[in-house]
Amino acid sequence: MAPSIAVAGAGLSGLLLAHRLVRAGVDVHVYERDEAPFTRPQGYRITVDADGLRALRTALPDELRAQILSTGGTPGGSFRFTNSRLRDAFTLTFKAEADGGRQIDRQVLRSALLNGLPERVHFGRAVSHIDGHDVHFDDGSHVHADVIVGADGVGSALRRQIAPGAEPRDSGMAGIYGRSPIPDLPDALRKSGVLAIGDRPASAFFFTSMRYATPPVGLVPDPRDYVMWGVVVRRTEVTDAPLQQQAVDQVRDYHPLIRSLVATADPAAIVLASFAVGCRPVRWPLPHATLTGDAIHVMPPFGAHGGNTALRDAGLLGDRLAGGGRPEAAIAAYQRDMVDYAFRDVDRAAAMMRRMTDSGAVGRFVLTRLLPSLHRHTVPAG
Ligand SMILES: Cc1cc2nc3c(=O)[nH]c(=O)nc-3n(C[C@H](O)[C@H](O)[C@H](O)COP(=O)(O)OP(=O)(O)OC[C@H]3O[C@@H](n4cnc5c(N)ncnc54)[C@H](O)[C@@H]3O)c2cc1C
């Protein structure tokens with residue numbers, strides 16, 4: 001008989017895993033701490049890459065996957081690394097292939113995944129710990145399951161038991177994130193993400209547009225296109241002042257376009273997130289339990305792999321568990337592969353964060369002065 005599975009957390013990896021298992025006829029239930037789907041601002045987009053797209057393909061029914069992709073941006077475009085005045089240092093260009101990576105709004109993705117799982121997701125159920133095969137909740141209740149999966153994000157309540165010693169470390173850096181209406185953008189920026197590196201050490205600004213190919217009406221409260229942005233700050237610089245004001249202060253020396261993005265943001269959608277760095281697990285003492293996504297391999301948002309790796313975990317773990325055989329063997333095989341690919345991404349993201357925020361005087365000079373001086377202006381100086 002197929003094992004019963006309890007998943008903690010209805011985020012990207014928990015929901016995709018549930019889809020994969022439901023397709024295989026497995027009895028799976030997802031327990032989510034939030035009281036309802038839209039209780040927190042989660043309105044930002046992720047760039048879903050080849051790994052993420054592959055996982056969506058294996059886990060989802062065709063119509064649901066088509067619905068998700070139909071709202072996404074079109075594949076292709078570029079990513080520019082610039083100085084604070086939006087002068088190009090270098091640019092990465094992505095091919096506009098039909099199955100190429102594309103921007104998908106995270107809330108749209110989550111909402112579509114939720115719609116496809118009626119009766120399987122239980123809101124207002126915060127997991128607290130595991131006791132044998134029982135998952136316990138903050139309200140004192142518990143459920144029994146053959147397999148337990150912690151997909152409960154960076155602050156995982158189950159990590160200490162499932163992978164002791166793998167608590168993530170704080171990088172000391174954080175992001176203030178916001179979303180703003182799309183302004184009249186110069187042509188060079190219409191299909192390009194930007195990481196603008198500031199003149200001061202550890203200062204950078206990121207932004208990109210989310211343009212829906214089809215507006216996701218009915219899936220999210222606000223189906224309008226937007227620009228998502230993030231200001232990189234040292235954690236020690238963050239104060240109790242309103243986040244928008246802090247972001248305004250951080251970008252006062254940046255290009256006017258950047259300043260206007262911060263000024264026109266929706267204050268209710270501005271959030272602060274620390275950049276944590278996952279720590280390689282060395283022990284998995286509960287053979288019937290495992291972790292997916294940020295719960296085990298959180299990474300700083302440099303390189304855009306956190307969500308994709310979470311989706312990849314869900315696809316892989318789902319395939320293993322649906323394949324029959326002993327669930328303990330399926331979990332062990334998943335963990336071997338996952339640690340290998342996911343921590344390669346963690347290392348890369350942490351190294352990129354260091355290069356972009358910490359580079360010494362010479363690196364900073366090359367990125368913010370020397371390389372920009374070699375390129376013509378693609379964005380009018382403000
Ligand atoms: C602004 C921003 C931009 C990003 N852009 C990208 C990108 O371009 N590309 C990319 O690949 N990644 C991106 N990421 C990272 C990506 O969003 C995360 O890596 C991804 O959401 C992790 O998925 P997850 O399923 O592990 O956890 P989450 O999606 O965080 O879900 C965890 C869920 O568990 C729930 N939960 C927490 N505690 C409990 C509990 N005790 N009991 C029950 N439920 C609980 C939470 O409420 C949540 O619903 C970005 C992140 C941010 C903040």
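Every number for a ligand or one of its atoms is a count from 1 in the order of the listing. As a basis for the values below, the full set of heavy atoms in this structure was taken, side chains included, without hydrogen atoms, waters or symmetry mates.
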I'd like to know if [X] contacts ligand 1, where contact means a heavy-atom distance under 4.0 Å to any ligand atom.
X	result
Gln103	no
Arg110	yes
Gly230	no
Ala151	yes

Shortest non-hydrogen separation from Phe38 to Leu219 and the atoms involved: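 Looking at all heavy atoms of both residues, the shortest contact is CZ-O, 3.2 Å.
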- prompt: Which atom names give the shortest non-hydrogen contact between His19 and Leu113, and what distance separates them?
  reply: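 Closest pair (atom of His19, atom of Leu113, distance): NE2-O, 2.8 Å.
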- request: Look only at the side chain of Arg125 and the backbone of Val30, and say whether a donor-acceptor pair between them is shorter than 3.5 Å.
  value: no
message: Check whether Ser141 reaches the backbone of Phe137 with its side chain - one donor and one acceptor, N or O, closer than 3.5 Å.
response: no
Atom indices of ligand 1 within 4.0 angstrom of Thr47 heavy atoms, with elements: 7 (C), 8 (O), 9 (N)
message: As an exercise, identify every atom of ligand 1 less than 4.0 angstrom from a heavy atom of Tyr177.
response: 1 (C)
message: Going by ring-ring contact (aromatic ring centres under 6.0 Å, His included), name the pairs with one or both residues in residues 149-188, residues two or more places apart or in two chains.
response: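 Non-adjacent pairs meeting ring-ring contact (aromatic ring centres under 6.0 Å, His included): zero.
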- prompt: Can you say whether the rings of Phe275 and Phe302 are parallel (under 30°), tilted (30 to 60°) or perpendicular (over 60°)?
  reply: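 The arrangement is perpendicular - the two ring planes meet at more than 60°.
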query: Is any N or O atom of Ile46, backbone or side chain, closer than 3.5 Å to an N or O atom of ligand 1?
result: no
message: Side chain or backbone, does Ala157 bring an N or O within less than 3.5 Å of an N or O on ligand 1?
response: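 Among all N and O atoms of Ala157, none is under 3.5 Å from an N or O of ligand 1.
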